[in-house]
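Proteins come first, then strands; the chains are lettered A, B, ... in the order of their sequence lines, and each starts at number 1. These numbers come from the heavy atoms of this one structure, side chains and all, not from hydrogens, waters or symmetry mates.
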Amino acid sequence: MEYLKNLNDQQLKAVQKIEGTVLVFAGAGTGKTKTLVSRVFNLLEHGVPPENILLMTFTNKASNEMLQRIEESGYINGKLPFVGTFHKFGNIFLSRNHHLLEGRDGNFRIIDYSEVKSIVKWILDEDEKYRKNFSSDEVIKLISKMKNSNVQSHEIEKIIIPMVYDRDIFVKLYQRYDAEMIERNLIDLDDLQILTYKILKDNKELRDKYSNYYKYIMIDEFQDTNKVQYEMLKLLLETHSNLFVVGDDDQSIYGWRGAEVTNILNFDKDFKDVTKIVLNKNYRSTKNIIEVANTLISHNKLRIEKNIISARESGEDIFHFQFDDDIAEAKFVAKEIEKLIKNGEGPEDIAILYRMNSLSFHVENALLERDIKYEIKGKKSLYMRNEIREVINILNLISNPFDDLVFLSVLKQTNGIGEQTIAIVNQLAKDEMTSIYETLKSENLSFHFKTRARYLKTLVEKIELMIDLSKNDLDKFTEEFECQFEIKNKIEKYLKKEKISKENKDKFETKLGNINDFYDLMHRFFATNRGEIRAFINMYAINGEDEDRIQAVNLLTIHLSKGLEFKHVFILGVNQGFLPSFASDNEEERRLAYVAFTRAKDKLYLIYSKQRTIYGRRQDSKPSRYLHEAELIHSARIEQNRHKTAESEGEFSVGNYVKHNKFGNGEVKHISKQGREIFLDVAFENKVRKTLISTVLQKVNS
DNA sequence: TTAGCAGTTGTTTTT
DNA sequence: CAACTGCTAA
Ligand SMILES: Nc1ncnc2c1ncn2[C@@H]1O[C@H](COP(=O)(O)OP(=O)(O)OP(=O)(O)O)[C@@H](O)[C@H]1O
């Protein structure tokens, strides 16, 4: 059998074990994914019906790739296995079964981050108390954390949040949020998992049906599964217990969104009769790359030691260099890539990795300058930009004027309508127990709104005009859309004004360009597909733009690079504060660097600089501690602390009392300086300890 | 009642 | 840099 030929003994052993529980535990590039796919082939070869196989991947991209390989294997003639993310599984499951939840019926709509945010903001505005204690981002983060840890809003005793926050108020917010989601029949990304779990848990018959159907369950990147996924998995295993998972604790990089590495570390104890297979031969990278990666990751304490050995030649040395600033960095990278391509390398074999999306900026310019094609993976796509959201909000409203959430967003962005008017509209609709659209149509507007009635009336008329047009003449739709709502026109008018700064001019010109691009897409879509508006929105909202098979240099974050491999890998911003990030200098950051290093097959470039821009300001920046730890640079005294510490700095000294408007009073324990900013390590009276920038703190006398 | 300006603040990663 | 807050003229 072809698929068994290129496997080593250990891989073969894993592939050929058909029944029971298997854990493939192995470091980067040792062939875990390859083993997983081969095992699917082996199951099919042994006559397992494809539809009885459930294969969970971490990203949609990974699942598409695997599915393609399975389809091309020749074992498939009818049904396919389920290959996808837990989210996709949840989406399909809920489409069939969400009516089993109390208060849910009909078709739900999945909302993205920006809509979650506007719901949370509406809720926060309901009560002064809410607004004083939480920002919308905090609430979103905490609710997401709860949902990923499998804590629902009615399980009050299980809701545990950091001490800084008022727990009682948070419980109320979480419950309000859930109520709102049910009321509007909306589902957020976390709901796709937790609600699936809840339904399976509460409905024995359904659970039996599913767990009987999926005879073989497999999971890739098991180190990054969270609590809900783990519990859901156990429910699905009730009938057959044929489980095959692969993972690497050293590559667990999603702890911040609830992934629990203990799922893989305690796997042998938590499941019975586990066959554990360890792979340690790396087929991907040269010896030099693996040596550096191994040296770095050995600094982590919370890990299981693996000794990975490269099956390849020593290869080229690791390139590392400190440039003057991020622009010099970018220029070098672009020049080097141009050289590689001239020497016959494919641009798609080259990747530029970074910790933060904002780091791609200068490299993009440098690549553009040299006319090198590149592709940014997962960048805030066109449709997430504010000016495009405005267009999409209106499109959404035209496609369904009864959706109040969308209506409120459109009201908010409409000239002439503001806070007061929106509050009244919202209240009126609530009183009438009907949608905003119907309220605005049936009520005597001039009675309630005086001068603002006119604005509301024209908005409704415009929407209705466009609804009509969308049914009759999609060819003219885009043109008429701009005529009615003047999204472009507003910006053009602004640009014609006398006194605008250069920055603003640039900013608004990009906005204009974005809108033009989007109108183009819209027009082309409506010209070719005589489809509905909804189809257009879904295409961009859910799938994003097609980003496949272009011959271009890859630009992506380290998080997105997990599971991928490239011949040449450039890592940008290998500086203290960037990798590791300012916000967290922990073992997960080191794992992130390990993942980045081990993506490279042939050559690894570590790029760092003396100065970097952040929030539009230039700052001095030191080389990353990981360069020392990987023994790439050696200095007489390795600086253990990431900041220079001092007894006093500016107006602050160690022992001072300071006040923060959220955390309260506390004592300064350490002072450090980075660039021009002063950071204070403060022990607050409520037992929270934090390092904060001095500008948010006030000195108090004690 | 709203738009627009000026001033402040926070540091990240995503299905 | 971008998101948010508070103030003021119209
Ligand atoms: N037995 C083998 N012989 C030759 N090449 C192999 C073998 N096993 C795997 N490879 C190759 O090694 C590379 C890495 O394999 P794979 O992506 O499956 O590793 P992985 O363990 O999933 O890596 P990671 O954890 O970094 O995602 C691939 O290019 C694969 O084709």
Which heavy atom in A:His87 sits nearest to a heavy atom in A:Leu189, and how many Å separate them?
-> CD2-O, 3.2 Å

Shortest non-hydrogen contact between A:Phe578 and A:Gly573, atoms and distance = CB-O, 3.5 Å

Beyond-backbone contact of A:Leu200 with A:Phe93, side-chain heavy atoms, under 4.5 angstrom | yes

How about A:Tyr113: does its OH atom have over 12 heavy atoms from other parts shown lying under 6.0 Å from it?
-> yes

Around atom NZ of A:Lys490, are there more than 12 heavy atoms of other residues, nucleotides or ligands at under 6.0 Å?
-> yes

Would you mind reading off the distance between [X] atom [atom1] and [N] atom [atom2], rounded to a whole angstrom?
| X | N | atom1 | atom2 | value |
| --- | --- | --- | --- | --- |
| A:Leu94 | B:dT15 | CG | C1' | 14 Å |
| A:Asp326 | C:dC1 | CG | C1' | 13 Å |
| A:Leu189 | B:dT13 | CG | C1' | 16 Å |
| A:Phe449 | B:dT2 | CZ | P | 10 Å |
| A:Asp220 | B:dT15 | CG | C1' | 15 Å |
| A:Phe508 | C:dA2 | CZ | C1' | 12 Å |
| A:Arg452 | B:dT1 | CZ | P | 8 Å |
| A:Lys490 | B:dT2 | NZ | C1' | 14 Å |

Just compare [options] and give me whichever is closest to any side-chain atom of [X].
| X | options | value |
| --- | --- | --- |
| A:Leu560 | B:dT1, B:dT15, B:dT13 | B:dT15 |
| A:Tyr615 | C:dC1, B:dA3, B:dT15 | C:dC1 |
| A:Gln420 | B:dT14, B:dT15, B:dT2 | B:dT2 |
| A:Thr85 | B:dT13, B:dT2, B:dT15 | B:dT15 |

Return the 5'-most residue of the pair A:Thr421, A:Thr59 with respect to DNA chain B, ranking by each residue's nearest nucleotide.
-> A:Thr421

If each of A:Thr451 and A:Ile614 is mapped to the nucleotide of DNA chain B with the nearest heavy atom, which maps nearer the 5' terminus, i.e. the 5' end?
-> A:Thr451

Residues from residues 586-594 of chain A lying under 4.0 Å of DNA chain B - heavy atoms = none

Taking the six-membered ring of A:Tyr626 (Phe, Tyr or Trp), confirm whether the NZ or CZ of A:Arg590 is under 6.0 Å from its centre and within 45° of its axis.
-> no

Under 6.0 Å from the six-membered ring centre of A:Tyr230 and within 45° of its axis: does the NZ or CZ of A:Lys227 meet both?
-> no

For [X], report the nucleic acid contact type (base, sugar-phosphate, nothing); a contact means any heavy atom under 4.0 Å.
| X | answer |
| --- | --- |
| A:Ser63 | nothing |
| A:Glu419 | sugar-phosphate |
| A:Ile417 | sugar-phosphate |
| A:Asn415 | sugar-phosphate |

Determine: side-chain N/O of [X] to OP1/OP2 of [N], distance under 4.0 Å, yes or no.
| X | N | value |
| --- | --- | --- |
| A:Asn386 | C:dA2 | no |
| A:Asn60 | B:dT15 | no |
| A:Thr557 | B:dT14 | yes |
| A:Asn357 | B:dT14 | yes |

Hey, could you give me the CG/CD distance between A:Asn514 and A:Glu509, rounded to the nearest 0.5 Å?
-> 12.0 Å

Can you name the ring-ring contact (aromatic ring centres under 6.0 Å, His included) partners of A:Phe566, sequence neighbours left out?
-> none

If you restrict it to nitrogen or oxygen atoms, what contacts under 3.5 Å exist between nucleotides 7-10 of chain C and the protein, and what is each distance?
none

Can you name the side-chain contact (heavy atoms from CB on, under 4.5 Å) partners of A:Asp178, sequence neighbours left out?
-> A:Lys147, A:Ser153, A:Tyr174

Taken in chain and number order and not counting sequence neighbours, the residues that satisfy side chain to side chain donor-acceptor pair (under 3.5 Å) with A:Glu390 are none

Return the residues of residues 114-122 of chain A meeting this criterion: a heavy atom under 4.0 Å from some atom of DNA chain C. Order them by number, or give none.
-> A:Lys117, A:Lys121

Taking A:Thr196 for its side chain and A:Leu192 for its backbone only, find out whether a donor-acceptor pair lies under 3.5 Å.
-> yes

NZ/NE/NH1/NH2 to OD/OE distance under 4.0 Å, A:Glu588 and A:Arg591 | yes

